[in-house]
Enquirer: 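What follows is a single structure, and I will ask about it in a moment.
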Amino acid sequence: MEDMDLLARFENVEDLSDPTLIDDLQMVLEQIQAEDEEFMQILLDKKESMVVTWEQPWYQEPNCLTRPLKVKDDVSQDYRTDTICSEEAELISKNWKDFRKTYGVPNKPACLARWRNKDKSRHPNTPEELVRRFIMAYLARGLNRTIYQVYKFFITHYGNRFKGRYSVYEEKIMLVCMYHKPKNVVPYLSAVLGREPRGIYKKLLQLSNGKIIERNNFKWTLPLCTTFLKLLMKYTGEPLENLQNKRFGTSIWVQLEEAMGKEHLCLQMFWYNSLHVQLFVRCDIKINKLRKKILKKLKLYPYKIWSDIRWKEILEHFPDGFTHGFLYKTTSNIFRKYKDYRQTPLEKLIDYGLKRIKTMPNKRLKTLILNEKQELEIINYKK
DNA sequence: CTCGGCCTGTTTATCTTCGC
DNA sequence: GCGAAGATAAACAGGCCGAG
């Protein structure tokens with residue numbers, strides 16, 4: 001873990017322009033890449049014996065590794081498309097073990113997961129691509145999944161070592177990179193930090209906006225909501241009633257971000273998960289009654305565990321104005337305390353939930369209306 | 001035309017903070 | 001100490017580009 005010591009020295013960095021910093025990062029990256037290349041070489045040496053000898057379902061045969069399988073309309077899609085569940089993850093891990101034993105390969109799945117075909121030919125017949133495809137096919141044995149699905153899973157679960165909140169030194173490293181601008185900075189940082197690229201991208205965006213500020217103490221008050229709503233109407237040119245169930249282009253959100261001084265993803269989240277519901281649900285809703293109804297509806301579906309739930313399907317049972325995000329949040333609150341609720345059989349979970357609801361405070365959904373003064377006002381349902 | 005890599009929008013999950 | 005709100009990160013997904 002000595003490269004961690006090296007990285008940790010970034011924690012106290014003051015001068016981002018110091019060229020030795022980026023040199024050190026470059027060194028770390030090269031070490032990682034050298035390790036990956038070396039591992040790839042070991043695999044390439046075994047290429048001759050990499051022959052598919054087992055029966056493959058049709059959807060595991062095609063060449064495409066990094067993109068979804070194109071399915072012709074007339075072919076029934078007999079593989080799973082939902083998120084890979086824990087049982088499948090175990091099988092993949094078992095297949096990997098089997099593979100490396102059979103082929104005498106060191107146990108370094110991360111190397112393969114990180115390796116990218118940057119300089120070599122991308123033709124499916126090149127040795128590197130053959131090897132990658134063979135291994136993913138090997139890992140897909142016994143699964144009703146395409147090679148692409150398994151590849152994706154492999155990348156995210158074996159390639160990224162770190163999850164959770166970003167630490168100070170990670171942020172500093174990003175700032176150093178923003179200053180020195182290495183090529184393809186997102187994949188670069190993803191490799192150096194062992195983090196998922198999408199998260200890096202967002203973090204960089206945040207840092208460059210300099211909007212890390214005022215994250216504390218932000219509160220959506222009624223006047224703030226009014227301002228937000230008015231701006232939304234202004235930028236879209238639509239009256240309130242047309243905003244229901246609408247999606248807005250990024251440019252609209254960026255305008256709002258500037259006007260409100262708040263990251264547009266937060267605004268988006270607030271709009272769909274809160275304000276939308278408060279504006280467009282036009283009846284008196286008691287939250288616990290709603291929770292109960294959601295749980296009852298969940299029983300109608302063949303979902304096995306929590307992550308199988310497709311909230312947009314559930315949404316169809318509820319009146320206009322609700323959003324799937326709101327339903328998700330409201331329901332997940334029930335299970336906050338339930339250990340491993342995402343792995344628990346849904347039936348059991350629902351029974352627990354129905355009991356648990358009775359102990360939760362029974363609140364009303366606050367709904368809002370734009371009054372004659374064009375200000376948002378809470379609708380009072382109590383007689 | 002195909003592919004992989006990269007970029008970025010959307011959905012889901014988890015962590016932190018705040019007010020009661 | 002608790003639940004809800006808010007913030008942040010992970011996972012999923014699709015589009016674009018350039019090389020062959």
Enquirer: For residues 133-158 of chain A, which residues have at least one heavy atom under 4.0 Å from DNA chain B?
Expert: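 The stretch gives A:Tyr151 as the residues lying under 4.0 Å from the strand, ordered by number.
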Enquirer: Please figure out whether A:Arg132 or A:Trp253 has its closest DNA chain B nucleotide nearer the 5' end.
Expert: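 Going by which nucleotide is closer to the 5' end, it is A:Arg132.
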Enquirer: Sequence neighbours left out, what pairs pass salt bridge (Lys or Arg N to Asp or Glu O under 4.0 Å) with at least one residue falling in residues 183-200 of chain A?
Expert: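 Residue pairs passing salt bridge (Lys or Arg N to Asp or Glu O under 4.0 Å), neighbours aside: A:Glu170-A:Arg195.
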Enquirer: So if I take every side-chain heavy atom of A:Trp306 and compare against B:dG5, B:dA13, C:dA9, which nucleotide ends up nearest?
Expert: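 Closest of the options to the side chain of A:Trp306: B:dA13.
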Enquirer: For the residue pair A:Arg141 and A:Tyr138, would you count it as a cation-pi contact if the rule is NZ or CZ under 6.0 angstrom from the ring centre and within 45 degrees of the ring axis?
Expert: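 Satisfied, under 6.0 Å and within 45°.
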Enquirer: Considering residues at least two apart in sequence or located in another chain, which fulfil the salt bridge (Lys or Arg N to Asp or Glu O under 4.0 Å) criterion with A:Glu88?
Expert: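 With sequence neighbours excluded, A:Glu88 shows a salt bridge (Lys or Arg N to Asp or Glu O under 4.0 Å) to A:Arg80, A:Arg145, given in chain and number order.
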Enquirer: Do the side chain of A:Arg67 and the base of C:dG14 come within less than 3.5 angstrom through a donor-acceptor pair of N or O atoms?
Expert: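 Absent.
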Enquirer: Partners of A:Arg132 by salt bridge (Lys or Arg N to Asp or Glu O under 4.0 Å), sequence neighbours excluded?
Expert: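 Partners of A:Arg132 by the salt bridge (Lys or Arg N to Asp or Glu O under 4.0 Å) criterion, ordered by chain and then number, come out as A:Glu129.
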Enquirer: Show which side-chain atoms of residues 344-357 of chain A pair as donor or acceptor with protein atoms under 3.5 Å away, not counting sequence neighbours.
Expert:
residue	atom	partner	partner atom	Å
A:Thr344	OG1	A:Asp340	O	2.8
A:Arg356	NE	A:Ile334	O	3.1
A:Arg356	NH1	A:Thr359	OG1	3.4

Enquirer: Would you jot down, in residue-number order, the residues of residues 316-338 of chain A having a non-hydrogen atom under 4.0 Å from DNA chain B?
Expert: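 Only A:His324, A:Tyr328 qualify.
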Enquirer: If only side-chain N and O atoms of A:Lys163 are considered, is one of them under 4.0 Å from the OP1 or OP2 phosphate oxygen of C:dA11?
Expert: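 Answer is yes, contact under 4.0 Å.
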Enquirer: Check the side chains of A:Gln33 and A:Glu37 for a donor-acceptor pair under 3.5 angstrom, ignoring hydrogens and angles.
Expert: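 The answer is no; no qualifying pair exists.
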Enquirer: Kindly indicate whether the side chain of A:Lys202 and the base of B:dT10 share any N or O donor-acceptor pair separated by less than 3.5 Å?
Expert: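 Side chain to base: pair found, below 3.5 Å.
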Enquirer: So with a 6.0 Å cut-off around OH of A:Tyr301, is the heavy-atom count from everything else above 12?
Expert: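 Enclosed.
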